[in-house]
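Numbering of ligands and ligand atoms starts at 1, following listing order.
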Amino acid sequence: MSLLTRRRLLRRAALSATAAGAARTGLAGATLAGTAAAVSVAGCDSPPERTTDAEPDGGLRFPDGFGWGAATSAYQIEGAAKEDGRGESVWDTFSHTPGRTRNGDTGDVAADHYHRYAQDLDLMRELGLRSYRFSISWPRIQADGSGRPNQRGLDFYRRLLDGLHERGIAPMATLFHWDLPQALQDDGGWENRDTAERFADYADAVFRALGDRVPAWLTINEPKTVVQNGYIWGHHAPGHQDEAAAYLVAHHLQLAHGLAVQALRASGASGRIGPALNLHPCYPADDSAEAAAATRLYDGYENRLYLDSVFTGAYPQDVLADLGPDSRMVRGVRDGDLKIISSPVDLLAVQYYTPIYVTGGGGTVRKWPTSEAEWQQIYPEGMYDILTRVTRDYGRVPITITENGLPCPDTPGPDGTVDDAGRVSFLRDHFAAAHRAVRDGVPLESYHVWSLLDNFEWAEGYDQRWGLVYVDYASQRRVLKRSAHWYREVIRRNGL
Ligand code: FCB
């Protein structure tokens with residue numbers, strides 16, 4: 001595998017910011033570039049400098065009926081890990097393995113949403129949400145990843161869906177947000193092609209049980225994060241460090257996506273469906289020809305691998321060449337697979353958090369302040385760039401933003417309120433960038449802030465708070481942060 005591949009930036013870098021942690025995760029090689037340099041926890045304590053030339057507040061109206069929303073995922077909020085027949089997922093195993101998550105945190109209880117969903121639905125109504133993106137837990141539906149669906153698991157999601165409909169909130173359901181049934185992992189997980197077939201069966205069961213209540217489906221959440229974090233860097237479940245396996249996993253995840261699209265059509269359910277991709281605009285770190293070439297390949301691994309296969313029916317040639325003809329991935333692609341993967345979709349879900357700056361040597365540098373999540377550089381203009389780019393390169397497929405947000409060190413003040421002014425300016429700047437993209441022709445339908453609630457942030461446990469709503473984990477009390485109050489006004493006015 002090429003040098004470039006090995007030096008790829010990683011997401012959600014370290015469990016700790018120690019030098020050892022950074023070295024382990026590869027960040028040690030990252031340097032600072034540009035002037036906005038200081039790698040600080042920006043964006044949270046102070047309204048950051050504007051890093052965009054977006055229009056100032058005022059007068060930015062979104063298209064009528066724009067789907068203002070918020071997002072969550074099952075393992076991050078539900079808790080009730082052992083209730084109503086739920087089986088174990090790779091994240092149960094991983095988080096219960098000492099040293100894998102910060103403070104040994106697990107999703108056993110999380111935000112206890114499984115029991116408090118009715119209260120959370122009321123919060124969504126209070127916010128005025130028009131759309132809610134959540135995920136269905138595969139091990140709640142099939143404890144071991146196959147066989148007859150568990151009615152109690154399906155009933156939970158039906159109650160949730162009914163509650164959304166009663167409140168006039170459009171549901172958007174993700175079929176897989178990383179909680180693979182452990183039993184399937186024991187059989188090889190996503191390295192095993194059969195897991196893609198199991199996923200299609202699970203999807204079919206869900207479509208048949210809930211298809212009448214769900215207008216929009218997303219297949220696989222961020223396949224790239226499973227590939228990079230789960231199989232290259234190993235700090236997400238299943239915790240492997242095996243680059244050769246990683247891209248075979250990528251192919252099987254893409255195959256699973258395509259099979260699920262076909263299963264939806266076959267089920268007769270009327271909902272729309274598409275992939276949920278975290279896209280990273282990649283920019284050269286300097287003006288050299290080397291940086292330009294390295295950026296192109298980097299973009300192949302970050303974006304085109306997932307976009308081209310779905311929208312053009314081919315993996316990008318430069319990535320295939322870089323992986324090599326003898327790679328497990330290239331050998332794992334069978335005739336007809338790309339046809340399945342490129343089954344026509346109805347929408348593209350984009351998750352945008354950060355840009356990437358690539359050096360001539362294939363390393364990465366930081367140009368903008370980071371949030372508490374050190375992999376995240378705050379650059380709203382990247383939102384504009386990625387949205388306009390996908391429309392330019394792949395045509396006018398309807399787009400939904402299914403994640404965007406940042407973690408802040410939120411704590412309630414003496415009066416009990418949570419003043420996350422930095423989140424307000426972050427969202428304002430990103431909404432403005434999205435608005436410019438709409439103005440320039442991007443068919444953007446909706447925008448889901450990550451996240452509705454503070455939750456279990458994977459390897460970071462409960463340390464990072466990404467919610468519009470503060471969760472006091474000891475009492476499970478919810479408090480609308482300042483950003484939630486602000487967002488309610490944005491939604492009411494349909495703009496800034
Ligand atoms: C995304 C994940 C989501 C959450 C945010 C911060 O990559 O899809 O679950 O962790 O990052």
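Judged as a side-chain contact (heavy atoms from CB on, under 4.5 Å), and not counting sequence neighbours, the contacts of E445 are R272, P398.
The atoms of ligand 1 that sit less than 4.0 Å from any heavy atom of H177 are 2 (C), 3 (C), 8 (O), 9 (O). Shown in contact with W458 at under 4.0 Å from a heavy atom are these atoms of ligand 1, numbered in order with element: 3 (C), 4 (C), 9 (O), 10 (O). Set against the non-hydrogen atoms of W450, the atoms of ligand 1 under 4.0 Å away are 3 (C), 4 (C), 5 (C), 6 (C), 9 (O). Within ligand 1, the atoms closer than 4.0 Å to a non-hydrogen atom of Q76 are 3 (C), 4 (C), 9 (O), 10 (O), numbered from 1 in the order shown. Every atom of ligand 1 is numbered from 1 in the order shown, and the set under 4.0 Å from a heavy atom of W466 is 6 (C).
Using a non-hydrogen distance threshold of 4.0 Å, N221 registers as a contact of ligand 1. Residue Q464 places every heavy atom at 4.0 Å or more from ligand 1.
Between E457 and ligand 1, a contact under 3.5 Å exists for at least one N or O pair. The N/O atoms of E222, backbone and side chain alike, include one that comes under 3.5 Å of an N/O atom in ligand 1. By the 3.5 Å distance cut-off applied to N or O atoms, E403 is counted among the residues near ligand 1.
Within 6.0 Å of CG on D201 lie more than 12 heavy atoms contributed by other residues, nucleotides or ligands.
By the 30° and 60° cut-offs, the orientation of the rings of H251 relative to Y315 is perpendicular.
Residue Q351 forms a side chain to side chain donor-acceptor pair (under 3.5 Å) with just one option from T402, T225, N278, and that option is T402.
Judged by distance alone, the side chains of Y394 and D308 do bring a donor and an acceptor atom under 3.5 Å apart. Donor-acceptor pairing under 3.5 Å is lacking for the side chains of E88 and Q185.
Y357 and K367 get closest at one heavy-atom pair: CE2-CD, 3.3 Å.
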